[in-house]
Every structure is written in C-alpha cells, then in structure tokens.
Amino acid sequence: MKMKIYENAAAAAEILSRGGFEDPVLVAAVKEIVQNVKENKDEALFSYCKKFDNTSLTAETLFVSKEEIANAYREVDTDLLYSIRKAAKNIREYHFRAPMTDHVRTQDGRTTGYVVRAVERAGIYVPGGTAPLFSSVLMGVLPAKAAGVSEVIVATPAKNGKVHPAVIVAADVCGADKILKAGGAQAIAALAYGTQSVPKVDVIAGPGNIFVTLAKKEVYGKVGIDMLAGPSEILIIADGKQNPSYVAADVLSQAEHDKLARAIILTDDKDFAKKVQAETERRLNALPRKDIAEYSVENAGGIILVKDMEEACVLANEIAPEHLELATENCEELLGKIRNAGAVFLGAYTPEPVGDYFAGPDHILPTGGTAKFFEVLNEGIFMRKMSVIRYTQSALAEDGEDIVRLAEEEGLCAHARAVLARTKGE
C-alpha cells in the first residue's frame, strides 16, 4: 500500500468529495427507531438496547449506579486516572476562561441588550464502538458544566450490560449527573422526547456513528444539537522543510479512527510528498489497528500537490476540514488566511492528539465541510441569549410616532394602538 500522490486538486476530486446523510435505507431505519421510542418510550428503548448491544435493562438498571461508579474507579489504572484528571483540569479551565456574560446598556431612557441563560438539561453522547472514547466525555460534559447546565446526562452504549470503566470514571470526574447505559438512535430519541425513565433534555451534543447523526438530524427542532458530525478527518498543509516522519504519524493518527476517516496532505514539494508516502507505509506496518488505517489511507486519503501555500489555503477553506495542521515555517502567517476549520494546529510540535486529549480546546468538531457554518463544541452551545428591552415614558413618546407608522404600514393596527394607548391615550 502507498498513499496516493495527486498532481493537483482536480485529480484528487474523488477523495475531496464527501458523502452526506441522505442514504434512504439508513434514514428510514433511524426514523423508525426514533418514532418507536417516541411512542413506546422505555419499552422501545429497552428492546433496542437488547437488540443492538446485548444489554438487558430495566428502569432500575438504566443508569450507572453509585456502586458501579465506585467499582469503575477500582478498575481504572492509577496513572490513567491521574491523566484523566489532569486533562479535565486543562479543559475545564479553558472553558471557564471567557464565559458568555450579560450585556445590557441604558441610554436616553432606552435599555437594550441581552441576558445569557444556560439550558436546564443537556445530553452528551459518547460513542462506544471500536474504542472507549472517554476523552469525548471530558470534551462534552465540561463545556456544559462551564455553561451552568443544571443537569448533564451522558449517554453511551453498554456492551453486554457494561459501560467501560474509564468512561464511567471520566464522567464522574467531570461531574456528570447521570450516565445512561444506552446508545445509538434509540438513546438520541429517548433524550429528545423523554421516556418514563429518561428525562427530556434541551440540547444534545457529542459525536456518534451515522445512526446517531441521522437521529440528531431527525430530532432537531424538538431539541437543540451541536452539529451533524461525520467521519473524522485531518488536512495537513506542509512545506518541504518539515520532518516527513512527523507528518506521516499525524496522517495515521486520524486514519486509525475508522475506515471512513480521511487524512489529506497539501504540499508544494513533490520530493517531500514522496518521503511522506514512504514514511506512512513504514509506520503503518507497525500499527495495532493497521487494517483500519490502511483502508482509510488507501481509499479516503492522499497527498495533493499545490502550486504554493496560497493555493493550499484557498483549497483548505473550500475543504473546511475538521482538523487542520499548519506544518509550515510561516504557520502564524497562514493562520490569517484560514476561514473554515474546526480546529487549527500550529507548527511542528502540535500534533492533532494534543487537541484530542489535553490542551483544553474541545475536540468535538464539525466535519464533512460543515465547519463553514458549524463551530467547535463550546459552552455557548448550551446557552441562549435572551433580548432585554425597556423604554421610559419619555423615550416611548419620542419614538412612538415612528413605531406607529411602521406598524400601520404593515397593516397591524393593534400593534400601533398598543403604542398609541400610552402616548396619545387612545
């Protein structure tokens, strides 16, 4: 296997195109699951957990108990617990660094602005597929806690009745209020509509597989969501002065996620491209998840040659990647040219896993080009701005004539008369 090198972006059209969320078979399956849970509540939720995860649940066992949390701490390695707590500290401090605050101003008898309020209850989805993603617990729960959400519920699949102990411990370290032993579209539906045992939430956040994403899309409007996330991806802009081994390692850090993960390099140096190609092949052979990474690199990734770094930035903005590494000597300068990305990693010593696990900024990011309109998960996802307006009697007298004129022109006479009642006594 060799990572393909493309002479230009046009030649790489196949890997640059992305699939959406329109598969009719999957859409229909998710709709059926969501509707069933909406109508039949606990009964449907328990049935799907048994069917998909081989987990038999009741109202009494649906959430992780205090005893299970205590057992999880005993099962987690001491050094791992130390690292989880240290990462949680960084992430918590980052999200508390610049909180959204009220902004109200009074001038000439007119008070306008907004106040910020957290949602009451949030659901954080944590995938439970090929790896225990306890890092996603940290990245999902802590922004909600920083926002001031009253109740945070983690939802994650329980395989054969058991949630991975590191996931449980991470949720407890972050202060999650409940851990729901259910995943997939059925968990999203339960959180969105509520069941006899699962309280309805206001916002659902967190990554998941295609069934989870389609379910979030299906329930959007009944609840808020953070984004519609697809397969993980990385785009690396690299000049020829970088260490090809570093770049190859970063390619594989994404490719090992799953077979649909995508790793693409943009470089203006063909000799460098060949070195990265060789390094990727060498490193791939030593990976425990070689089969997954190899499929990803061969079918979804590639190295695209560009004319210069200016063209690379233009292409990067069009791709709008989840992760963007600027592995160049002038990375700070290039950052000013980037508009669309979930997260940007600067310089040779900031590989993507630094952000995935530890630095503080969130790793739940928009994928599939949606960084053009979605944003990184942050405390603002769990907050709303409410407008505040107050007029004094004299201020309304000054502006009343204009307000009445606008209302009457729209044919809304009652609107006008609500003002006139105060200014003209009508």
Side-chain angles (χ1 to χ4, degrees), residues 19-59 61-64 121-133 136-137 140 152-161 163-164 167 178-232 257-258 260 364 366-368 370 374 377 381:
F21 306 116
E22 292 79 35
D23 185 311
V25 175
L26 295 180
V27 169
V30 168
K31 282 181 178 290
E32 180 181 343
I33 293 171
V34 169
Q35 187 64 27
N36 193 8
V37 174
K38 179 182 178 182
E39 293 176 359
N40 298 302
K41 302 185 183 300
D42 274 0
E43 180 185 353
L45 177 62
F46 298 161
S47 175
Y48 286 126
C49 288
K50 178 63 177 175
K51 178 179 179 180
F52 296 131
D53 299 324
N54 194 31
T55 296
S56 298
L57 295 171
T58 65
T61 62
L62 183 58
F63 292 95
V64 171
R121 187 179 289 121
I124 305 300
Y125 190 85
V126 176
T130 59
L133 299 181
S136 290
V137 178
V152 179
I153 301 173
V154 171
T156 190
K159 297 298 182 183
N160 299 314
V163 175
H164 194 283
V167 171
K178 293 180 179 177
I179 307 170
L180 176 64
K181 293 186 279 188
Q186 62 271 21
I188 300 299
L191 292 169
Y193 296 105
T195 73
Q196 294 94 333
S197 302
V198 181
K200 180 191 179 308
V201 303
D202 304 302
V203 171
I204 299 174
N209 63 15
I210 185 65
F211 289 94
V212 170
T213 299
L214 287 174
K216 287 169 69 176
K217 185 177 181 182
E218 179 72 14
V219 302
Y220 177 59
K222 187 65 178 178
V223 293
I225 64 170
D226 53 345
M227 64 190 77
L228 297 173
S232 190
H257 267 291
D258 63 63
L260 298 179
I364 299 174
T367 66
T370 62
F374 281 131
L377 184 65
I381 301 295

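For the numbers below, each heavy atom of this structure counts, side chains included, while hydrogens, waters and symmetry mates do not. Computed from a predicted structure; not experimentally measured.
Take Pro207 and apply the side-chain contact (heavy atoms from CB on, under 4.5 Å) test, not counting sequence neighbours, and it matches Pro127, Ser136, Ile364. With sequence neighbours excluded, the residues that form a side-chain contact (heavy atoms from CB on, under 4.5 Å) with Thr195 are Val37, Lys41, Asp42, Ala190, Ser197, Val198.
Listed here is the closest heavy atom pair of Gly230 and Thr367: N-OG1, 2.5 Å. In terms of heavy atoms, Phe211 sits closest to Leu26 at CZ-CD2, 3.5 Å. Smallest separation of non-hydrogen atoms from Ala187 and Ala155: CB-CB, 4.4 Å. Scanning both residues, Thr213 and Leu228, for their nearest heavy atoms gives O-CD2, 3.7 Å. Among all heavy-atom pairs drawn from Ile33 and Tyr48, the shortest one is CA-OH, 3.6 Å. Scanning both residues, Pro157 and Val163, for their nearest heavy atoms gives O-CG2, 4.2 Å.
Annotation: side-chain hydrogen bond (donor to acceptor under 3.5 Å, both in side chains) contacts involving residues 179-193, sequence neighbours excluded, comprise Glu68-Lys181.
Checked by atom type and distance alone, the side chain of Tyr125 pairs as donor or acceptor with a backbone atom of Gly184 at under 3.5 Å. Side chain of Asp202 to main chain of Arg121: a donor-acceptor pair is present (N/O by atom type, distance under 3.5 Å, no hydrogens or angles). With hydrogens and angles disregarded, a donor-acceptor distance shorter than 3.5 Å links the side chain of Lys216 to the backbone of Gly206. The backbone N or O of Glu218 sits nowhere less than 3.5 Å from a side-chain atom of Lys31 that would complete a donor-acceptor pair. Formation of a donor-acceptor pair under 3.5 Å by the Asn40 side chain with backbone atoms of Glu43 is not found in this model.
When each of Leu57, Thr55, Thr61 is paired with Phe46, the side chain to side chain contact (heavy atoms under 4.5 Å, CB included) condition holds for Leu57 and for no other. Among the candidates Val203, Leu377, Ile124, the single residue satisfying the side chain to side chain contact (heavy atoms under 4.5 Å, CB included) test with Asp226 is Leu377.
We find the NZ-CG distance between Lys51 and Asn54 to be 13.5 Å, quoted to the nearest 0.5 Å. One distance of note links CD1 of Ile381 with CD1 of Ile204; it measures 13.5 Å at 0.5 Å rounding. To the nearest 0.5 Å, atom CG of residue Asp258 and atom CG of residue Asn209 are 10.0 Å apart.
Side-chain contact check for Leu191 versus Val223: every heavy-atom pair is 4.5 Å or farther apart. Val30 has its side chain out of reach of Ile188: every pair of non-hydrogen atoms, C-beta onward, lies at least 4.5 Å apart.
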Subject >> side chain to side chain contact (heavy atoms under 4.5 Å, CB included) between Asp23 and Ile210, worked out >> reply: CA-CA 10 Å; Asp23 185 311; Ile210 185 65; over 6 Å; no
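The environment of Lys222 atom NZ is sparse: at most 12 non-hydrogen atoms of other residues, nucleotides or ligands sit within 6.0 angstrom. The number of heavy-atom neighbours closer than 6.0 Å to CD of Glu32, taken from other residues, nucleotides and ligands shown, is 12 or below.
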